[in-house]
Amino acid sequence: MGFKVAVVGATGNVGREMLNVLEERGFPADEVVALASRRSLGTEVSYGDRTLKTKVLDNYDFSDTDLCIMSAGANVSREWSPKIGRQGCVVIDNSSAWRYDPDVPLIVPEVNADAIAGFSRKNIIANPNCSTAQLLVVLKPLHEAATIKRVVVATYQSVSGAGKEGMDELFEQTRAVFVADPISAKKFTKRIAFNVIPHIDAFMEDGFTKEEWKMMAETKKMLDPKIKLTATCVRVPVFIGHSEAVNIEFEKPISADEARDILREAPGCLVVDKREDGGYITPLESAGEDATYISRIREDSTIDSGLSMWIVSDNLRKGAALNAVQIAELLIERGLITPKRKAA
Ligand SMILES: NC(=O)c1ccc[n+]([C@@H]2O[C@H](COP(=O)([O-])OP(=O)(O)OC[C@H]3O[C@@H](n4cnc5c(N)ncnc54)[C@H](OP(=O)(O)O)[C@@H]3O)[C@@H](O)[C@H]2O)c1
(Lines give C-alpha, C1' and ligand atoms only; values in the text may rest on other atoms or scores of the structure.)
Protein backbone atom coordinates (compact mmCIF):
# COMPACT_ATOMS: atom_id res chain seq x y z
CA MET A 1 0.00 0.00 0.00
CA GLY A 2 1.36 3.45 -0.92
CA PHE A 3 0.90 6.89 0.61
CA LYS A 4 -2.07 9.21 0.56
CA VAL A 5 -0.84 12.68 -0.38
CA ALA A 6 -2.73 15.98 -0.29
CA VAL A 7 -1.49 18.94 -2.36
CA VAL A 8 -2.85 22.18 -0.90
CA GLY A 9 -2.72 25.10 -3.35
CA ALA A 10 -3.01 22.62 -6.22
CA THR A 11 -4.38 25.25 -8.61
CA GLY A 12 -1.40 27.57 -8.09
CA ASN A 13 1.97 27.81 -9.82
CA VAL A 14 3.79 25.70 -7.25
CA GLY A 15 0.90 23.27 -6.65
CA ARG A 16 0.57 22.40 -10.35
CA GLU A 17 4.32 21.85 -10.57
CA MET A 18 4.10 19.74 -7.41
CA LEU A 19 1.66 17.39 -9.14
CA ASN A 20 3.98 17.19 -12.17
CA VAL A 21 7.02 16.40 -10.02
CA LEU A 22 5.19 13.78 -7.92
CA GLU A 23 4.13 11.99 -11.08
CA GLU A 24 7.43 12.34 -12.98
CA ARG A 25 9.45 10.94 -10.09
CA GLY A 26 7.07 8.03 -9.56
CA PHE A 27 6.37 9.07 -5.98
CA PRO A 28 4.80 6.04 -4.20
CA ALA A 29 1.34 7.55 -3.78
CA ASP A 30 -1.82 5.43 -3.95
CA GLU A 31 -3.99 8.49 -3.82
CA VAL A 32 -3.31 12.16 -4.52
CA VAL A 33 -5.89 14.76 -3.48
CA ALA A 34 -5.89 18.30 -4.92
CA LEU A 35 -7.04 21.00 -2.49
CA ALA A 36 -7.43 24.78 -2.83
CA SER A 37 -9.81 27.54 -1.78
CA ARG A 38 -13.59 27.56 -2.27
CA ARG A 39 -13.02 29.54 -5.50
CA SER A 40 -11.52 26.44 -7.10
CA LEU A 41 -14.05 23.80 -6.08
CA GLY A 42 -14.23 21.33 -8.98
CA THR A 43 -11.40 22.94 -10.99
CA GLU A 44 -9.53 20.25 -12.90
CA VAL A 45 -5.76 19.87 -12.49
CA SER A 46 -3.48 17.34 -14.18
CA TYR A 47 -1.62 14.59 -12.38
CA GLY A 48 0.23 12.70 -15.10
CA ASP A 49 -2.42 11.55 -17.56
CA ARG A 50 -5.09 11.68 -14.86
CA THR A 51 -7.32 14.65 -14.05
CA LEU A 52 -8.06 15.52 -10.44
CA LYS A 53 -11.05 17.61 -9.39
CA THR A 54 -10.02 20.15 -6.79
CA LYS A 55 -11.62 19.91 -3.35
CA VAL A 56 -11.87 22.62 -0.70
CA LEU A 57 -9.29 22.80 2.11
CA ASP A 58 -11.78 24.09 4.71
CA ASN A 59 -12.80 21.21 6.98
CA TYR A 60 -11.00 18.59 4.89
CA ASP A 61 -10.29 15.58 7.14
CA PHE A 62 -6.56 14.73 7.05
CA SER A 63 -6.77 11.82 9.50
CA ASP A 64 -6.11 9.17 6.80
CA THR A 65 -3.63 11.35 4.83
CA ASP A 66 0.10 10.68 5.25
CA LEU A 67 1.60 13.77 3.67
CA CYS A 68 0.33 17.26 2.96
CA ILE A 69 2.41 19.36 0.60
CA MET A 70 1.27 22.89 1.17
CA SER A 71 1.74 25.88 -1.16
CA ALA A 72 -1.13 28.22 -0.38
CA GLY A 73 0.74 31.12 1.23
CA ALA A 74 1.84 31.93 4.78
CA ASN A 75 -1.57 32.90 6.21
CA VAL A 76 -3.23 29.67 5.14
CA SER A 77 -0.25 27.69 6.41
CA ARG A 78 -0.22 29.44 9.80
CA GLU A 79 -3.86 28.50 10.29
CA TRP A 80 -3.85 25.01 8.79
CA SER A 81 -0.43 23.37 9.18
CA PRO A 82 -0.65 22.87 12.98
CA LYS A 83 -4.18 21.43 12.68
CA ILE A 84 -3.10 19.05 9.90
CA GLY A 85 0.05 18.07 11.80
CA ARG A 86 -2.03 17.24 14.88
CA GLN A 87 -4.07 14.82 12.74
CA GLY A 88 -0.86 12.80 12.25
CA CYS A 89 -0.26 14.04 8.71
CA VAL A 90 3.22 15.44 7.98
CA VAL A 91 3.10 18.90 6.40
CA ILE A 92 5.81 20.06 3.98
CA ASP A 93 5.19 23.78 3.68
CA ASN A 94 6.40 26.09 0.92
CA SER A 95 5.52 29.38 2.56
CA SER A 96 7.63 31.50 4.92
CA ALA A 97 5.28 30.79 7.88
CA TRP A 98 7.43 28.18 9.69
CA ARG A 99 10.95 28.57 8.28
CA TYR A 100 12.41 30.34 11.30
CA ASP A 101 10.60 28.30 13.99
CA PRO A 102 13.29 26.40 15.96
CA ASP A 103 10.91 23.41 16.21
CA VAL A 104 10.50 23.19 12.43
CA PRO A 105 13.32 21.79 10.26
CA LEU A 106 14.11 23.90 7.18
CA ILE A 107 15.46 21.48 4.62
CA VAL A 108 17.31 21.33 1.32
CA PRO A 109 18.11 17.60 1.07
CA GLU A 110 21.51 18.19 -0.60
CA VAL A 111 22.47 20.60 2.21
CA ASN A 112 21.14 19.52 5.63
CA ALA A 113 19.23 16.25 5.27
CA ASP A 114 20.07 15.18 8.84
CA ALA A 115 18.17 18.14 10.31
CA ILE A 116 14.92 16.47 9.22
CA ALA A 117 14.98 14.31 12.37
CA GLY A 118 13.31 17.06 14.44
CA PHE A 119 10.17 17.23 12.26
CA SER A 120 7.95 15.26 14.64
CA ARG A 121 7.84 18.08 17.23
CA LYS A 122 5.20 19.85 15.09
CA ASN A 123 4.84 17.43 12.15
CA ILE A 124 5.82 20.38 9.95
CA ILE A 125 8.86 20.69 7.66
CA ALA A 126 9.61 23.97 5.91
CA ASN A 127 10.81 24.43 2.35
CA PRO A 128 13.12 27.43 1.93
CA ASN A 129 12.67 30.52 -0.18
CA CYS A 130 13.26 29.79 -3.87
CA SER A 131 16.36 32.01 -4.13
CA THR A 132 17.95 30.41 -1.06
CA ALA A 133 17.38 26.81 -2.18
CA GLN A 134 19.31 27.14 -5.44
CA LEU A 135 22.05 29.20 -3.79
CA LEU A 136 22.68 26.70 -0.99
CA VAL A 137 22.91 23.69 -3.30
CA VAL A 138 26.00 25.46 -4.70
CA LEU A 139 27.39 27.01 -1.50
CA LYS A 140 27.32 23.76 0.51
CA PRO A 141 30.09 21.86 -1.37
CA LEU A 142 32.19 25.02 -1.67
CA HIS A 143 31.82 25.70 2.07
CA GLU A 144 33.00 22.15 2.82
CA ALA A 145 36.06 22.68 0.62
CA ALA A 146 37.20 26.17 1.58
CA THR A 147 34.92 27.61 4.35
CA ILE A 148 32.79 30.53 3.22
CA LYS A 149 33.17 33.79 5.15
CA ARG A 150 30.92 36.15 3.21
CA VAL A 151 28.52 36.07 0.27
CA VAL A 152 27.29 39.04 -1.79
CA VAL A 153 24.38 38.14 -4.06
CA ALA A 154 22.19 40.01 -6.53
CA THR A 155 19.13 38.09 -7.71
CA TYR A 156 17.20 38.34 -10.98
CA GLN A 157 13.91 36.72 -10.00
CA SER A 158 11.20 35.64 -12.43
CA VAL A 159 7.57 36.71 -12.10
CA SER A 160 6.38 33.13 -11.42
CA GLY A 161 7.95 33.59 -7.98
CA ALA A 162 5.04 35.96 -7.31
CA GLY A 163 2.39 33.33 -8.13
CA LYS A 164 0.05 32.95 -11.06
CA GLU A 165 -1.05 36.60 -10.75
CA GLY A 166 2.56 37.69 -11.30
CA MET A 167 2.79 35.70 -14.53
CA ASP A 168 -0.56 37.08 -15.73
CA GLU A 169 0.60 40.64 -15.03
CA LEU A 170 3.78 40.29 -17.12
CA PHE A 171 1.80 38.73 -19.96
CA GLU A 172 -0.97 41.36 -19.87
CA GLN A 173 1.42 44.32 -19.63
CA THR A 174 3.59 43.01 -22.48
CA ARG A 175 0.52 42.57 -24.67
CA ALA A 176 -0.71 46.05 -23.69
CA VAL A 177 2.63 47.61 -24.72
CA PHE A 178 2.36 46.09 -28.19
CA VAL A 179 -1.27 47.11 -28.81
CA ALA A 180 -0.87 50.50 -27.05
CA ASP A 181 -3.49 49.69 -24.37
CA PRO A 182 -3.33 51.40 -20.98
CA ILE A 183 -1.02 49.56 -18.56
CA SER A 184 -1.92 48.88 -14.97
CA ALA A 185 0.28 47.42 -12.21
CA LYS A 186 -1.53 45.44 -9.48
CA LYS A 187 0.71 42.63 -8.32
CA PHE A 188 3.99 44.50 -8.74
CA THR A 189 4.70 48.01 -7.48
CA LYS A 190 5.80 49.33 -10.88
CA ARG A 191 5.45 48.15 -14.46
CA ILE A 192 7.36 44.85 -14.86
CA ALA A 193 7.10 44.51 -18.65
CA PHE A 194 10.39 45.75 -20.21
CA ASN A 195 11.56 46.85 -16.76
CA VAL A 196 13.26 45.56 -13.58
CA ILE A 197 12.08 46.26 -10.02
CA PRO A 198 14.58 46.30 -7.10
CA HIS A 199 11.94 45.33 -4.55
CA ILE A 200 10.57 41.91 -3.53
CA ASP A 201 8.41 41.46 -0.41
CA ALA A 202 8.03 44.10 2.32
CA PHE A 203 10.59 46.73 3.33
CA MET A 204 12.23 46.30 6.72
CA GLU A 205 13.47 49.04 9.08
CA ASP A 206 17.11 48.72 8.00
CA GLY A 207 16.22 49.31 4.33
CA PHE A 208 16.58 45.68 3.24
CA THR A 209 13.50 43.84 1.99
CA LYS A 210 12.08 40.72 3.61
CA GLU A 211 13.17 38.66 0.59
CA GLU A 212 16.77 39.80 1.15
CA TRP A 213 16.51 39.07 4.87
CA LYS A 214 15.14 35.57 4.16
CA MET A 215 18.24 34.67 2.12
CA MET A 216 20.48 35.71 5.00
CA ALA A 217 18.44 34.05 7.78
CA GLU A 218 17.84 30.80 5.88
CA THR A 219 21.52 30.45 4.91
CA LYS A 220 22.46 30.77 8.58
CA LYS A 221 19.82 28.23 9.68
CA MET A 222 20.60 25.61 7.04
CA LEU A 223 24.30 25.98 6.25
CA ASP A 224 26.30 27.87 8.90
CA PRO A 225 25.35 30.71 11.29
CA LYS A 226 28.87 32.15 10.86
CA ILE A 227 28.39 32.93 7.15
CA LYS A 228 27.72 36.61 6.44
CA LEU A 229 25.38 37.18 3.50
CA THR A 230 24.08 40.36 1.94
CA ALA A 231 21.55 40.34 -0.92
CA THR A 232 19.83 42.65 -3.38
CA CYS A 233 16.69 40.99 -4.73
CA VAL A 234 15.34 42.18 -8.06
CA ARG A 235 12.24 41.16 -10.03
CA VAL A 236 12.85 40.83 -13.78
CA PRO A 237 10.48 40.29 -16.74
CA VAL A 238 11.21 36.56 -17.08
CA PHE A 239 8.40 34.02 -16.66
CA ILE A 240 10.29 31.12 -15.06
CA GLY A 241 13.82 30.73 -13.64
CA HIS A 242 15.66 32.73 -11.02
CA SER A 243 19.24 33.88 -11.71
CA GLU A 244 21.83 35.02 -9.19
CA ALA A 245 25.14 36.87 -9.57
CA VAL A 246 27.12 35.66 -6.58
CA ASN A 247 30.44 36.75 -5.06
CA ILE A 248 31.89 34.47 -2.37
CA GLU A 249 34.78 35.17 0.00
CA PHE A 250 36.50 32.09 1.47
CA GLU A 251 38.78 31.47 4.44
CA LYS A 252 41.01 29.08 2.47
CA PRO A 253 42.29 29.46 -1.08
CA ILE A 254 40.16 27.92 -3.86
CA SER A 255 40.68 28.37 -7.59
CA ALA A 256 38.00 28.58 -10.26
CA ASP A 257 39.19 25.21 -11.64
CA GLU A 258 38.91 23.59 -8.20
CA ALA A 259 35.41 25.04 -7.70
CA ARG A 260 34.35 23.78 -11.14
CA ASP A 261 35.60 20.26 -10.31
CA ILE A 262 33.85 20.28 -6.91
CA LEU A 263 30.56 21.49 -8.38
CA ARG A 264 30.69 18.95 -11.23
CA GLU A 265 30.49 16.22 -8.57
CA ALA A 266 28.00 17.97 -6.28
CA PRO A 267 24.42 16.64 -6.05
CA GLY A 268 21.84 18.80 -7.81
CA CYS A 269 24.50 20.92 -9.57
CA LEU A 270 25.28 21.12 -13.27
CA VAL A 271 28.27 23.19 -14.42
CA VAL A 272 27.87 24.81 -17.85
CA ASP A 273 30.84 27.11 -18.05
CA LYS A 274 32.52 27.67 -21.39
CA ARG A 275 34.28 30.98 -21.84
CA GLU A 276 32.71 31.63 -25.23
CA ASP A 277 29.52 33.12 -26.70
CA GLY A 278 26.53 31.28 -25.23
CA GLY A 279 28.70 29.10 -22.97
CA TYR A 280 26.49 29.75 -19.94
CA ILE A 281 22.90 29.05 -18.84
CA THR A 282 20.05 31.54 -18.93
CA PRO A 283 16.73 31.20 -17.04
CA LEU A 284 14.87 30.24 -20.22
CA GLU A 285 16.97 27.08 -20.49
CA SER A 286 16.50 26.21 -16.81
CA ALA A 287 12.68 26.17 -16.99
CA GLY A 288 11.29 22.68 -16.50
CA GLU A 289 14.69 21.32 -15.41
CA ASP A 290 15.67 19.94 -12.01
CA ALA A 291 19.32 21.02 -11.93
CA THR A 292 20.83 24.14 -10.46
CA TYR A 293 23.16 25.47 -13.16
CA ILE A 294 26.46 27.20 -12.47
CA SER A 295 28.19 29.32 -15.11
CA ARG A 296 30.77 32.14 -15.32
CA ILE A 297 32.94 30.78 -12.46
CA ARG A 298 35.95 33.10 -12.07
CA GLU A 299 38.43 34.21 -9.45
CA ASP A 300 37.88 37.58 -7.79
CA SER A 301 41.31 39.22 -7.58
CA THR A 302 40.02 42.08 -5.37
CA ILE A 303 40.05 39.81 -2.28
CA ASP A 304 42.49 37.17 -0.93
CA SER A 305 40.32 34.20 -1.74
CA GLY A 306 37.16 34.83 -3.69
CA LEU A 307 35.05 33.56 -6.56
CA SER A 308 32.28 35.07 -8.63
CA MET A 309 29.69 33.00 -10.44
CA TRP A 310 26.24 32.90 -12.07
CA ILE A 311 23.64 30.50 -10.66
CA VAL A 312 20.35 29.70 -12.40
CA SER A 313 17.49 27.34 -11.55
CA ASP A 314 13.77 26.81 -12.16
CA ASN A 315 12.21 28.52 -9.12
CA LEU A 316 9.05 26.42 -9.34
CA ARG A 317 11.10 23.21 -9.22
CA LYS A 318 14.27 23.34 -7.06
CA GLY A 319 12.92 26.54 -5.52
CA ALA A 320 9.65 24.91 -4.50
CA ALA A 321 8.00 21.74 -5.86
CA LEU A 322 11.06 19.58 -6.51
CA ASN A 323 12.63 20.41 -3.16
CA ALA A 324 9.35 19.62 -1.37
CA VAL A 325 9.02 16.24 -3.10
CA GLN A 326 12.69 15.48 -2.34
CA ILE A 327 11.91 16.16 1.34
CA ALA A 328 9.00 13.70 1.13
CA GLU A 329 11.32 11.12 -0.47
CA LEU A 330 13.86 11.70 2.31
CA LEU A 331 11.17 10.95 4.94
CA ILE A 332 10.48 7.64 3.22
CA GLU A 333 14.18 6.74 2.65
CA ARG A 334 14.91 7.25 6.33
CA GLY A 335 11.85 5.27 7.44
CA LEU A 336 10.39 8.35 9.15
CA ILE A 337 6.90 7.79 7.73
CA THR A 338 4.93 4.73 6.71
CA PRO A 339 1.51 4.67 5.04
CA LYS A 340 -1.27 4.94 7.64
CA ARG A 341 -3.51 2.63 5.68
CA LYS A 342 -0.87 -0.13 5.80
CA ALA A 343 -0.58 0.24 9.55
CA ALA A 344 -4.37 0.04 9.98
N1 LIG B 1 6.41 30.57 -6.91
C2 LIG B 1 7.57 30.28 -6.35
O3 LIG B 1 8.65 30.31 -6.98
C4 LIG B 1 7.63 29.87 -4.94
C5 LIG B 1 8.80 29.32 -4.47
C6 LIG B 1 8.87 28.94 -3.14
C7 LIG B 1 7.76 29.10 -2.34
N8 LIG B 1 6.61 29.64 -2.84
C9 LIG B 1 5.48 29.78 -1.94
O10 LIG B 1 4.46 28.86 -2.30
C11 LIG B 1 3.18 29.42 -2.00
C12 LIG B 1 2.31 29.39 -3.25
O13 LIG B 1 2.94 30.10 -4.30
P14 LIG B 1 2.37 30.07 -5.79
O15 LIG B 1 3.41 30.75 -6.58
O16 LIG B 1 1.93 28.71 -6.19
O17 LIG B 1 1.06 31.02 -5.65
P18 LIG B 1 -0.26 31.06 -6.56
O19 LIG B 1 0.05 30.67 -7.95
O20 LIG B 1 -0.86 32.39 -6.30
O21 LIG B 1 -1.22 29.93 -5.93
C22 LIG B 1 -1.75 30.01 -4.63
C23 LIG B 1 -2.52 28.74 -4.31
O24 LIG B 1 -2.98 28.82 -2.96
C25 LIG B 1 -4.39 28.55 -2.95
N26 LIG B 1 -5.06 29.26 -1.86
C27 LIG B 1 -5.10 30.59 -1.64
N28 LIG B 1 -5.87 30.87 -0.56
C29 LIG B 1 -6.31 29.67 -0.10
C30 LIG B 1 -7.16 29.29 0.98
N31 LIG B 1 -7.70 30.19 1.80
N32 LIG B 1 -7.40 27.96 1.15
C33 LIG B 1 -6.88 27.04 0.33
N34 LIG B 1 -6.08 27.35 -0.72
C35 LIG B 1 -5.80 28.65 -0.93
C36 LIG B 1 -4.86 29.04 -4.29
O37 LIG B 1 -6.09 28.47 -4.57
P38 LIG B 1 -7.20 29.24 -5.49
O39 LIG B 1 -6.77 28.98 -6.91
O40 LIG B 1 -8.45 28.54 -5.10
O41 LIG B 1 -7.14 30.67 -5.11
C42 LIG B 1 -3.74 28.52 -5.19
O43 LIG B 1 -3.93 27.14 -5.42
C44 LIG B 1 3.47 30.81 -1.44
O45 LIG B 1 3.54 30.71 -0.03
C46 LIG B 1 4.83 31.14 -2.00
O47 LIG B 1 5.52 32.07 -1.19
C48 LIG B 1 6.52 30.01 -4.13
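Bear in mind the structure is a predicted one, so any value in this text is a computation, not a measurement. Whatever order the structure lists ligands and atoms in, that order sets their numbers, starting from 1. Just so you know, residue 1 is the first one in the sequence shown, and it goes up from there.
Salt bridge annotation for Glu251-Lys149: absent, with no cationic side-chain nitrogen under 4.0 angstrom from a carboxylate oxygen. Here Lys187 does not pair with Glu169 in a salt bridge; the nearest charged N to carboxylate O distance is not below 4.0 Å.
Between the side chain of Glu212 and the main chain of Thr209, a donor-acceptor pair closer than 3.5 Å is present.
Ala256 is linked by a side-chain contact (heavy atoms from CB on, under 4.5 Å) to Arg260, Arg275, Ile297, Glu299, Leu307, counting only residues two or more places apart in sequence or in another chain.
Within 4.0 Å of ligand 1, protein heavy atoms come from Gly9, Ala10, Thr11, Gly12, Asn13, Val14, Ala36, Ser37, Arg39, Ser40, Leu57, Ser71, Ala72, Gly73, Val76, Asn94, Ser95, Cys130, Ser160, Gly161, Gly163, Lys164, Asn315, Leu316, Gly319, Ala320.
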Distance-only donor-acceptor hits, side chain of residues 24-36, under 3.5 Å, sequence neighbours excluded:
unit_1, atom_1, unit_2, atom_2, d
Glu24, OE1, Arg317, NH2, 2.5
Arg25, NE, Glu329, OE1, 3.4
Arg25, NE, Glu329, OE2, 2.9
Arg25, NH2, Glu329, OE1, 2.8
Asp30, OD1, Gly2, N, 3.3
Asp30, OD2, Gly2, N, 2.8
Glu31, OE1, Arg341, NH1, 3.3

Which side-chain N or O atoms in residues 105-119 pair as donor and acceptor under 3.5 Å with protein atoms at least two apart or in another chain?
unit_1, atom_1, unit_2, atom_2, d
Glu110, OE1, Lys318, NZ, 2.8
Glu110, OE2, Lys318, NZ, 3.2
Glu110, OE2, Gln326, NE2, 3.4
Asn112, OD1, Val108, N, 3.0
Asn112, ND2, Leu106, O, 2.8
Asp114, OD1, Arg334, NH1, 2.8
Asp114, OD1, Arg334, NH2, 3.1

